Trainee: 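Could you have a look at this structure, given as structure tokens, before my questions?
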Amino acid sequence: MSNTESLALQLIENIPGHVWSTDLDGRFTYVNSSMRAFFGGTPDNGLGTMEDWLQRVHPVDRHHVAAGWQHSLAIGDPFASEHRTCGGDGAYRWFRTSSRPFRDSHGVIEAWHGQTIDIEDQKKAEEELRDRSVELSVLIDMVPSHLWRLTPDGTTTLVNKRMADFLGRDLSDKSSIESVMDTIFHPEDADVVETELGRCLATGERFSMRYRLLRADGMYRWMSGRAEPMRDQGGSITAWFGLCHDIEDEMQAAAALRRSASKLALASQAANLSQLSASIAHEIYQPLAAIITNSDACLRWLAADPPNIERGKFTAKRIAQDALAAVDVVGRIRALFQRKPQPRLIEDMNQLVVEVLDLMSDEIAGTSTRVDTDLAVNLPQIPIDRVQVQQVLVNLIRNAIQAMDSTNPLRSLSIKSYQSGSDGIRVEVRDTGSGFANPNRVFEPFFTTKSNGMGMGLPICRSIVESHGGKLWVANNEVAGATVAFTLPAASAEYGTADV
């Protein structure tokens, strides 16, 4: 035996797999040491015939393995099979067997050479993967939300069973999914969804918005939809995965809550007006009643015979005093609506904005409005009446929220502060609502476009801002909504830390 033949035999004997040969009748003529060790044989007895080997194949697999081997022996085609085989320890393991015929120079088969590779671990991994795939599929269909998948260009390739049932469509055919997706959005939402989704697909930003979907019974229901991109190791987007869940009941409850709040506000306004009217009537009644009483007394003194001039003069003076008291009452009422000097303290406008948002957090959350703040750092401090400016912010924020109708899927409110010039600050409240139909009239007292409005909110806000030496104005945005902005002057030298 040459060195090459010896080396080849050593390789075959030590290769981590079963290598074997048979004659034309299928009797083993050679098995390597790995194969003998697995079956518990010795170098002398080997395995015997192929029939002996087939008896070690799992009964479930034996028939198709034997049929395949007999077919190869008869036709001369290569043999290949995956099956379970029992080793010397009595345990079955999965193997992949392949064999080819060896032919002489005339093409006549002289022997069969083959190899058998242990694939037990691979089979277990495949089985675990199948189990996990089935489990994941069941989980996806059991999730109480609508799940879907998009390609990087936005083509829908998968929806879960819950979403298919909601739509009332058979979406097992992937080619039909995209055509269905073009028809399920409410006509008022379709363009907005397409625009926002297109922006997210282009930028890779998270998709999040509300829209209405067409249910199988022909009813549209509000949904809250979100989607996140999945990226490969290089950062490229390979797919989008999203979900949406039904929020129709929450939207209806929120609408009912707003209607109740509106009715409560009307009732509160009526109660406040009634209380104010009663207070005014009570305050004025006293001097007016005294005027009437003293007038009657004055007439009696002057009508006496002879007339009591002195008593008449005294009573007339009392009438004048009572009239002055009535004027004073009216003056105090008018002072509520006039700009009067008020004590001012040095305040941080950013902190005031944060406090107002915290105060209105429940109201904002009830309308599902997204609030973004961009508050500049190191703003100059300003001397203000904290309560009055707080009222301005509350009014502007509430107006912005009310301007964004509940059917608007993009309810976004932004508040920005920054330094205006060298000695003041500027605050902007921007919404995505319907804007001002008559921006030139919004500061007219009692002018309002709200069915339950009094038309005094913005005029009062402007009055407060101007009483602080600032300015307030409104403007419609280029795309959607409106912006209300105001400026306030910074603290001057007369305001020191002692006033804080």
Side-chain angles (χ1 to χ4, degrees), residues 1-2 4-138 172-174:
M1 179 182 298
S2 66
T4 302
E5 292 174 339
S6 177
L7 178 60
L9 182 60
Q10 291 179 16
L11 290 173
I12 293 174
E13 280 294 307
N14 292 281
I15 196 171
H18 302 174
V19 180
W20 48 269
S21 295
T22 71
D23 59 18
L24 297 181
D25 295 325
R27 290 187 297 270
F28 283 102
T29 60
Y30 171 79
V31 295
N32 70 344
S33 59
S34 295
M35 189 169 180
R36 290 194 301 273
F38 176 77
F39 287 109
T42 65
D44 296 329
N45 57 38
L47 285 174
T49 67
M50 184 61 71
E51 289 299 325
D52 296 329
W53 178 78
L54 286 172
Q55 291 304 312
R56 295 175 178 268
V57 176
H58 196 284
V60 176
D61 308 330
R62 188 177 301 153
H63 175 73
H64 78 83
V65 173
W69 176 242
Q70 293 299 326
H71 172 80
S72 295
L73 289 178
I75 305 300
D77 290 341
F79 171 73
S81 173
E82 289 187 2
H83 51 267
R84 288 159 290 184
T85 305
C86 183
D89 59 358
Y92 284 96
R93 293 182 68 85
W94 277 98
F95 287 89
R96 179 183 295 115
T97 297
S98 59
S99 178
R100 293 183 179 181
F102 174 76
R103 303 175 186 270
D104 61 16
S105 59
H106 300 289
V108 177
I109 297 175
E110 293 185 346
W112 288 82
H113 302 312
Q115 65 175 355
T116 302
I117 301 174
D118 190 317
I119 60 171
E120 177 70 17
D121 294 339
Q122 176 185 331
K123 283 292 186 179
K124 287 182 177 179
E126 291 175 353
E127 183 177 0
E128 290 178 1
L129 182 59
R130 284 194 300 270
D131 291 343
R132 293 189 65 179
S133 297
V134 171
E135 182 181 356
L136 180 60
S137 178
V138 172
S172 57
D173 181 8
K174 294 183 180 180

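Everything quoted here is computed from the prediction, not taken from an experiment. Side chains included, hydrogens not; waters and symmetry mates left out as well; all remaining heavy atoms used.
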Trainee: Closest heavy-atom contact between Pro78 and Ser72?
Mentor: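 Smallest heavy-atom distance, with atoms named: O-OG, 3.5 Å.
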Trainee: Is the closest basic N to carboxylate O distance between Glu128 and Lys123 below 4.0 Å?
Mentor: no
Trainee: Find the distance between CZ (Arg56) and CD (Glu51) and round it off to the nearest 0.5 Å.
Mentor: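 CD of Glu51 is found 13.5 Å from CZ of Arg56.
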Trainee: Quick one: pull up CG in Asp118 and OG in Ser34 and give me the separation to the nearest 0.5 Å.
Mentor: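 That separation rounds to 10.5 Å.
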Trainee: If only atom types and distance count, is the side chain of Asp23 paired as donor or acceptor with the main-chain N or O of Ala111 below 3.5 Å?
Mentor: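 Here the side-chain-to-backbone pair does not exist.
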Trainee: Rounded to the nearest 0.5 Å, what separation is found between the CZ atom of Phe79 and the CD atom of Gln70?
Mentor: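 Interatomic distance, Phe79 CZ to Gln70 CD, rounded to 0.5 Å: 10.0 Å.
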Trainee: Does any N or O in the side chain of Asn32 come within less than 3.5 Å of the main-chain N or O of Ile12, such that one atom is a donor and the other an acceptor?
Mentor: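 Yes; at least one donor-acceptor contact below 3.5 Å.
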Trainee: Hey, what's the ring geometry for His18 with Phe38, parallel, tilted or perpendicular (30° and 60° as the breaks)?
Mentor: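 Tilted: the ring planes of His18 and Phe38 meet at 30° to 60°.
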Trainee: Nearest 0.5 Å please: distance from the SG atom of Cys86 over to the NE2 atom of His58.
Mentor: 9.0 Å
Trainee: With a 6.0 Å cut-off on ring centres, are His113 and Tyr30 close enough?
Mentor: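 Judged by ring-centre distance (under 6.0 Å), His113 and Tyr30 do not meet the cut-off.
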Trainee: A quick test of your reading: do over 12 heavy atoms of other residues, nucleotides or ligands sit less than 6.0 Å from CZ of Arg100?
Mentor: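 Counting other residues, nucleotides and ligands, CZ of Arg100 stays at 12 neighbours or fewer.
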Trainee: Just checking Trp69 against Trp53, ring centres under 6.0 Å apart?
Mentor: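 Trp69 vs Trp53: aromatic centres not under 6.0 Å.
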Trainee: Start with the C-alpha distance between Glu13 and Arg36, add both sets of side-chain angles, then the distance that settles side-chain contact (heavy atoms from CB on, under 4.5 Å), and finish with yes or no.
Mentor: CA-CA 10 Å; Glu13 280 294 307; Arg36 290 194 301 273; 3.3 Å; yes
Trainee: Give a yes or no on whether the backbone of Glu110 and the side-chain of Asp104 come within a donor-acceptor separation of less than 3.5 Å.
Mentor: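 A pair under 3.5 Å: no.
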Trainee: For the residue pair Leu54 and Val65, what are the closest heavy atoms and their distance?
Mentor: CD2-CG1, 3.8 Å
Trainee: Walk me through it: do Gln115 and Ser98 pass the test side-chain contact (heavy atoms from CB on, under 4.5 Å)?
Mentor: CA-CA 6 Å; Gln115 65 175 355; Ser98 59; 3.7 Å; yes
Trainee: State whether the number of non-hydrogen atoms from other residues, nucleotides or ligands found under 6.0 Å of His63 atom NE2 is greater than 12.
Mentor: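 Atom NE2 in His63 is not packed in, count stays at 12 or less.
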Trainee: Of the non-hydrogen atoms in Trp112 and Ser99, which two are nearest, and what is the gap between them?
Mentor: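 Residues Trp112 and Ser99, closest heavy atoms: CE3-OG, 3.5 Å.
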Trainee: Write down the atom of Glu120, the atom of Trp94, and the distance for their closest heavy-atom approach.
Mentor: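 Scanning both residues, the minimum pair turns out to be OE1-N, 2.7 Å.
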Trainee: Assess the side chains of Thr97 and Thr116: does a donor N or O sit below 3.5 Å from an acceptor N or O?
Mentor: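 There is such a pair (donor and acceptor under 3.5 Å, judged by atom type) between the side chains of Thr97 and Thr116.
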Trainee: So do Ile119 and Glu82 actually touch side chain to side chain, heavy atoms under 4.5 Å?
Mentor: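 Yes, their side chains come closer than 4.5 Å.
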Trainee: Quick one: closest heavy-atom pair of Thr22 and Phe28, and the distance?
Mentor: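 For Thr22 and Phe28, the tightest heavy-atom pair comes out as CG2-CD2, 3.9 Å.
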Trainee: Report yes if the side chains of Val31 and Val19 come closer than 4.5 Å at any heavy-atom pair, otherwise no.
Mentor: no
Trainee: With rounding to the nearest 0.5 angstrom, report the OG1 to NE2 distance, Thr85 to His83.
Mentor: 3.5 Å
Trainee: Would a 4.5 Å heavy-atom cut-off, applied to side chains only, mark Arg62 and Gln55 as touching?
Mentor: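 In contact.
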